[in-house]
Amino acid sequence: MPSFLDILTEALGLILSWERALSEIVILSLRVTLTAVVISCVLGLPLGAMVGAFRFPGRGLLTVILNALMGLPPVVVGLMVYLTLSASGPMGALQLLYTPAAMIIAQTILVTPIVAALTKQVVEDLHGEYAEQFASFGLTARDRIAALLWDARYSLLTVALAGFGRAVAEVGAVLIVGGNINHVTRMMTTTIALETSKGNLELALALGLLLLGIAVIVNASVMALRASAVRATYA
Amino acid sequence: MRDMAPDTSLAMAEAPSATPPILATRALCYEAGGKRRIDTVTLSIHARRRTMIMGANGAGKSVLLRLMHGLLKPTQGAVLWHGQSQSAVARGAQAMVFQRPIMLRRSARANLKFALGARGIRGAACAEQAEQGLAMANLSDIAHSPARLLSSGEQQRLAVARALICKPELLFLDEPTSSLDPASTQMIEDLVNAAHAQGVTIVMVTHDLGQARRMGDDVIFLHAGQVAESGRLSDVLSQPRAPSTRAWLQGRLYTDATL
Ligand SMILES: Nc1ncnc2c1ncn2[C@@H]1O[C@H](COP(=O)(O)OP(=O)(O)O)[C@@H](O)[C@H]1O
Ligand SMILES: [Mg+2]
């Protein structure tokens with residue numbers, strides 16, 4: 001049994017040599033997660049902004065649903081997407097199961113409610129401040145949403161980063177719908193789980209360190225963004 | 001621009017009721033929190049005049065201003081704009097400056113451009129009018145600064161300029177100088193008087209008797225949600241008839257305690 005130090009040294013070596021076995025996993029992970037986060041923002045930012053800024057029938061219910069969906073267990077989402085995409089499921093004909101697209105779908109379902117619910121909170125607060133001025137300007141609904149999203153841009157960037165943080169670290173859903181197939185659907189998290197169970201600790205630790213690094217960078221970015229926004233009193 | 005205002009105010013001080021009012025309310029009522037905050041208010045605002053709205057804290061001045069501008073829906077009664085019921089079109093011809101300026105999280109210039117864009121003014125005209133607004137508010141040097149980093153006096157100047165570049169027929173102001181020092185107050189008064197000299201009708205809530213005397217043509221005194229007294233400012237101040245107005249002028253009425 002090699003010592004922890006040996007494993008760490010080998011893991012660092014793997015990272016530094018940036019071998020294909022490692023790099024393709026990292027790149028696929030980032031591609032899947034970034035795509036899911038972008039789609040989630042395209043859907044979740046306007047949705048959250050509308051719920052935050054307007055009163056309409058069903059608004060309360062929608063808020064409750066969004067908040068509930070925020071806490072969706074990833075494995076349940078994975079199972080639902082699996083059932084939908086499997087050969088006998090309603091969208092089986094698309095043959096998406098065990099592809100990166102399936103993982104993007106699962107992560108999008110996980111992240112969109114997070115983006116929408118956090119956006120709702122941010123926009124609701126800002127709208128409380130702006131509402132009378134906007135009414136005085138006679139703004140259309142579309143212009144209101146656009147202005148609120150723009151003026152909340154710093155807070156919303158941190159919202160997107162929160163969604164990214166959740167998606168990149170998630171393992172259950174992508175494992176179920178992606179299947180962790182070598183060279184096709186191996187994500188950082190799923191590979192860590194697999195390689196650890198196989199005893200291939202060097203690769204697992206290398207990916208773990210990279211994941212940790214990404215988490216640190218994301219959190220540092222959030223803090224730096226907040227600080228610069230506060231300095232310009234844009235927060 | 002400072003010395004123009006008194007002349008025009010004199011010229012326009014004649015017979016306000018001769019022309020139909022630019023804005024009028026008919027038996028306006030507004031209820032909130034289970035109470036009548038505005039109670040059967042019927043009044044007229046005359047074009048090209050400066051009407052001061054005065055009264056104790058909680059008398060309903062801010063609520064009345066919001067009702068007249070269409071930001072609040074009356075429980076009963078109506079607001080008439082040029083004799084027609086108040087609409088979105090009417091609001092487009094009005095502008096409002098709030099007690100605490102509401103600044104977008106953008107530069108001073110971008111705040112002006114946003115207001116112009118909301119009125120459908122874009123492109124070169126937008127850029128040009130924004131520069132005029134900055135010059136008007138004496139903020140050209142700090143046009144690129146985040147608006148919320150400006151001092152409260154600068155923010156309020158920007159808010160007034162932002163309202164005026166949209167060329168409103170009527171400008172509402174809700175205690176625009178209540179938290180400003182005398183120099184900033186003077187600059188706001190100059191901006192408002194210059195706009196008035198160019199034909200903008202002014203409706204301003206103020207607590208400041210000196211300011212009312214400097215600027216007002218007409219006055220409306222509110223007491224507990226009702227019009228206690230209204231008319232030419234000089235007449236009302238020299239011979240107040242309502243007990244609440246007299247009490248207020250003597251400094252005895254600081255709250256909405258019933259007389
Ligand atoms: N939405 C509301 N709900 C309950 N009370 C309100 C509401 N809006 C205003 N009021 C009350 O109505 C009264 C008049 O308010 P306001 O017009 O702001 O007074 P002021 O003359 O000082 O501007 C105050 O007593 C205020 O607390
Ligand atoms: Mg008030």
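Atom set for the values below is all heavy atoms of this structure, side chains included, hydrogens, waters and symmetry mates excluded. Chain A is the first sequence line, chain B the second, and so forth, proteins listed ahead of strands; every chain is numbered from 1.
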Exercise for the section: Side chain from CB out, backbone as N, CA, C, O: work out which of these in B/Arg66 comes under 4.5 Å of a heavy atom of chain A, or both, or neither. Expected result: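 Interface part for B/Arg66: side chain.
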
Engaged part of B/Ile102 at the chain A interface, taking heavy atoms whose separation is under 4.5 Å:
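For B/Ile102, heavy atoms of backbone and side chain both lie under 4.5 Å from chain A.
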
### Task
Spell out the residues in residues 47-75 of chain A that have some non-hydrogen atom less than 4.5 Å away from a non-hydrogen atom of chain B, in order of number; otherwise answer 'none'.
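Result: none.
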
* Can you pull out the residues in residues 119-134 of chain A with any heavy atom less than 4.5 Å from chain B? ->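 Against chain B, the residues of residues 119-134 of chain A that fall inside the cut-off (heavy atoms, under 4.5 Å) are A/Leu126, A/Glu129, A/Tyr130, A/Glu132, A/Gln133, A/Phe134.
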
Have [X] and [Y] got a donor and an acceptor in their side chains that come within less than 3.5 Å?
X	Y	value
B/Gln211	B/Thr206	yes
B/Gln156	B/Ser184	no
B/Gln99	B/Asp174	no
B/His207	B/Asn57	yes
B/Gln94	B/Glu169	no

(message) Can you pull out every side chain to side chain donor-acceptor pair (under 3.5 Å) where at least one residue sits in residues 25-53 of chain A? Sequence neighbours excluded, please.
(response)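 Applying side chain to side chain donor-acceptor pair (under 3.5 Å) to every pair that reaches into residues 25-53 of chain A, excluding sequence neighbours, yields A/Thr33-A/Gln107, A/Ser40-A/Thr112.
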
Can a salt bridge be assigned to the pair A/Asp151 and B/Arg106 using a cut-off of 4.0 Å between side-chain N and carboxylate O?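 Counted as a salt bridge, because a side-chain N and a carboxylate O are separated by less than 4.0 Å.
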
List the steps and the verdict of side-chain contact (heavy atoms from CB on, under 4.5 Å) for A/Val216 and A/Asn219. CA-CA 5 Å; A/Val216 168; A/Asn219 279 305; 6.0 Å; no

So, A/Thr108 side chain and A/Ile39 main chain: donor-acceptor pair closer than 3.5 Å or not?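 No.
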
Taking only residues at least two apart or on different chains, which pairs with a member in residues 67-110 of chain B satisfy ring-ring contact (aromatic ring centres under 6.0 Å, His included)?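 For residues 67-110 of chain B: B/His69-B/Phe172.
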
